[in-house]
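See structure below.
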Amino acid sequence: MDNNKTSIFTYICGWFVMYLGSLSLNDWAVIVGMFATIFGFIITWYYKHQEFKLKKQNLLSNKNGNQKKNRK
């Protein structure tokens with residue numbers, strides 16, 4: 001990097017670190033909670049989507065969809 005880009009990059013990093021340092025413990029708890037909630041939502045959605053795909057595939061593989069229930 002040339003000197004001008006390095007200077008801009010250094011200022012941006014400095015402002016970012018200054019902002020992170022100004023956050024209180026409560027702010028960090030909110031941020032971590034938001035990320036945990038979003039991550040949990042994505043994981044739940046993915047596995048529900050996979051479950052629905054498997055159920056659909058199972059229903060399509062059976063002719064009437066009830067063959068397993070009627071074989072008692």
Side-chain angles (χ1 to χ4, degrees):
M1 283 196 237
D2 64 351
N3 196 16
N4 190 22
K5 289 182 182 179
T6 305
S7 177
I8 292 172
F9 180 73
T10 304
Y11 277 116
I12 290 172
C13 288
W15 281 101
F16 182 70
V17 170
M18 184 184 74
Y19 175 72
L20 291 180
S22 69
L23 296 177
S24 69
L25 189 58
N26 289 336
D27 295 335
W28 281 109
V30 169
I31 292 170
V32 169
M34 287 178 4
F35 281 120
T37 302
I38 292 169
F39 182 72
F41 172 76
I42 291 170
I43 295 296
T44 302
W45 176 84
Y46 174 77
Y47 281 109
K48 285 291 184 182
H49 182 70
Q50 294 299 322
E51 179 184 359
F52 290 143
K53 280 178 30 180
L54 289 172
K55 284 182 179 180
K56 183 179 179 181
Q57 183 182 14
N58 190 17
L59 286 174
L60 291 177
S61 67
N62 297 332
K63 290 185 179 180
N64 61 2
N66 293 323
Q67 289 179 354
K68 290 183 180 178
K69 293 180 182 177
N70 293 333
R71 290 187 182 180
K72 291 183 179 179

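Here the structure is a predicted model, which means the values were calculated and not measured.
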Under 6.0 Å from the CG atom of L25, do we count more than 12 heavy atoms belonging to anything else shown?
no

Say whether F35 and F39 are linked into one hydrophobic cluster, either directly or through other cluster members, by side-chain heavy-atom distances under 4.5 angstrom.
no

Are V17 and W15 connected into the same hydrophobic cluster when the rule is that any two of I, L, V, M, F, W, Y join if their side-chain heavy atoms are below 4.5 Å apart?
no

Checking side chain to side chain contact (heavy atoms under 4.5 Å, CB included) against M34, which of T37, V30, V32 comes through?
V30

Taking atom CG of L60 and atom NZ of K55, what is their separation to the nearest 0.5 Å?
14.0 Å

Give a yes or no on whether F52 and I43 share a hydrophobic cluster (residues Ile, Leu, Val, Met, Phe, Trp, Tyr; joining criterion: side-chain heavy atoms under 4.5 Å apart).
no

With clusters defined by side-chain heavy atoms of hydrophobic residues (ILVMFWY) lying less than 4.5 Å apart, directly or transitively, does I12 cluster with L20?
no

Taking the side chain as every heavy atom from C-beta outward, state whether K53 and K56 have any pair of such atoms under 4.5 Å apart.
no

Honestly curious: do F41 and Y46 fall in one hydrophobic cluster under the side-chain, below-4.5 Å linking rule?
no

Q57 CD: over 12 foreign heavy atoms closer than 6.0 Å
no

